[in-house]
Protein chains: 2
Amino acid sequence: MDKKDEILKVALRLITESGFHATPTSKIAKEAGVANGTLFHYFKTKDDLILALYTKHQNELRLFIDKHSTKNNSIDSTFHVFYISTINWIHENQTAFQFIQQFHQSPFYQLIPREYINQNESFLIELLQQGLNQGAIKQLPIELLHSMINSHIIGTINYLTTRNLSLEDFHKTTQKSFSLLWDMIRK
Amino acid sequence: MDKKDEILKVALRLITESGFHATPTSKIAKEAGVANGTLFHYFKTKDDLILALYTKHQNELRLFIDKHSTKNNSIDSTFHVFYISTINWIHENQTAFQFIQQFHQSPFYQLIPREYINQNESFLIELLQQGLNQGAIKQLPIELLHSMINSHIIGTINYLTTRNLSLEDFHKTTQKSFSLLWDMIRK
DNA sequence: GTCTATACGTTGATAGAC
DNA sequence: GTCTATCAACGTATAGAC
């Protein structure tokens with residue numbers, strides 16, 4: 001792995017553990033096995049590093065969802081696949097997801113252009129639009145539904161990650177959780 | 001208002017805006033209209049200030065819920081009152097709630113004793129236990145239900161606060177959101 | 001590209017007068 | 001209790017050699 005990736009990898013872990021400002025660049029450089037100056041060769045400022053970290057993992061999540069979700073099936077099946085694959089990615093990338101959440105609650109988030117956010121949300125938004133058109137889900141503002149689904153996923157993840165479930169129980173819980181979601185939004 | 005409260009009030013605002021570490025004690029003191037040394041007279045360290053801020057508002061929320069929720073009515077009615085009053089408190093105390101969320105995601109949270117957390121969650125946990133006993137809600141692990149309800153509330157708040165709704169629409173949305181929650185957990 | 005050395009501002013916290 | 005003055009430590013970022 002080259003030095004740039006190593007810096008990003010270490011930064012993700014340390015920042016998620018301690019927060020943006022409590023994580024000095026010196027510590028990141030040290031644990032990544034590079035000199036302090038090297039970090040600033042790859043990232044002009046510390047803020048640049050944080051923004052790069054965000055877009056990197058956000059892109060990975062979006063690509064994963066796009067790759068695993070097809071829109072050819074029925075609405076409820078598409079929803080199901082979307083839900084499961086999102087949970088799976090988050091579970092495999094817990095630190096990255098924690099970082100994304102931290103980032104969303106920080107002032108940095110205001111620096112992200114609206115178009116970029118829209119792009120990341122587009123899959124779910126279009127799916128909801130389709131569901132509304134077909135009368136499969138409750139007639140409510142699409143942003144409300146979107147917000148409820150996002151927080152539902154976060155709640156499920158919070159539950160899953162604070163326990164140490166067997167793989168079987170993990171899948172069972174994920175399925176039950178999806179049922180809850182579907183009971184909530186279906187007409 | 002005495003100086004201690006003024007410090008807490010300003011700290012809440014500044015820390016919520018910029019985060020724990022990005023908010024210097026000097027700035028808090030300045031905006032609170034006190035000298036730097038005065039802040040450290042009331043709070044031994046900066047961490048002490050942050051912990052005091054957390055327990056203060058967390059206590060206020062708990063007292064508010066205890067005060068407005070009665071357990072004498074039917075389960076669904078008690079749930080409804082709990083939900084509405086929680087949303088109302090959060091809406092009236094958005095900054096405090098944002099701070100609490102920030103705090104929960106920070107390493108500080110590990111410093112909070114488990115008993116204190118249990119105490120704050122006790123109302124909802126007991127309510128869920130009662131609902132399970134009566135067969136009113138789905139037979140699922142109580143922690144899963146608890147987690148789903150918490151995140152549901154956060155999702156609703158996120159939606160409500162990013163829009164500028166009239167008081168009427170605000171209440172309508174809150175009611176609809178509760179219906180969604182109830183559809184999700186009821187048997 | 002990578003390193004060492006260092007400049008420079010900022011911050012949390014203390015001491016001591018009033 | 002409140003203030004002023006001050007310090008030691010730390011953190012970001014740069015300069016320049018290799």
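Lettering follows sequence order; numbering is per chain, from 1. The model shown is predicted, which means the values in this text are computed figures rather than measured ones. Side chains included, hydrogens not; waters and symmetry mates left out as well; all remaining heavy atoms used.
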Roughly, in whole Å, what's the span from CD1 in B/I28 to P in C/dG12? 8 Å
Would you please classify the geometry between the B/F103 ring and the B/Y109 ring as parallel, tilted or perpendicular, with 30° and 60° separating the classes? perpendicular
Reading nucleotides 4-18 of chain D 5' to 3', which nucleotides get B (base under 4.0 Å from a protein heavy atom), which S (sugar-phosphate only), which -? B------SSBB----
Is there side-chain contact between A/L51 and A/I112, with at least one heavy-atom pair below 4.5 Å? yes
Can you tell me if the side-chain N/O atoms of B/H41 get under 4.0 Å from OP1 or OP2 in D/dT2? no
Give a yes or no on whether B/K187 atom NZ has more than 12 heavy-atom contacts from other residues, nucleotides or ligands under 6.0 Å away. yes
What is the distance, rounded to the nearest whole Å, between atom CG of A/L39 and atom P of C/dA5? 18 Å
Do other residues, nucleotides or ligands put more than 12 heavy atoms under 6.0 Å from the CG atom of A/N118? yes
Between the side chains of B/D76 and B/R186, is the shortest nitrogen-to-carboxylate-oxygen separation below 4.0 Å, so that they form an ion pair? no
Quick one: which of D/dT2, C/dT2, D/dC3 gets closest to the side chain of A/Y42? C/dT2
Would you call the rings of B/Y54 and B/H104 parallel, tilted or perpendicular, where under 30° means parallel and over 60° means perpendicular? perpendicular
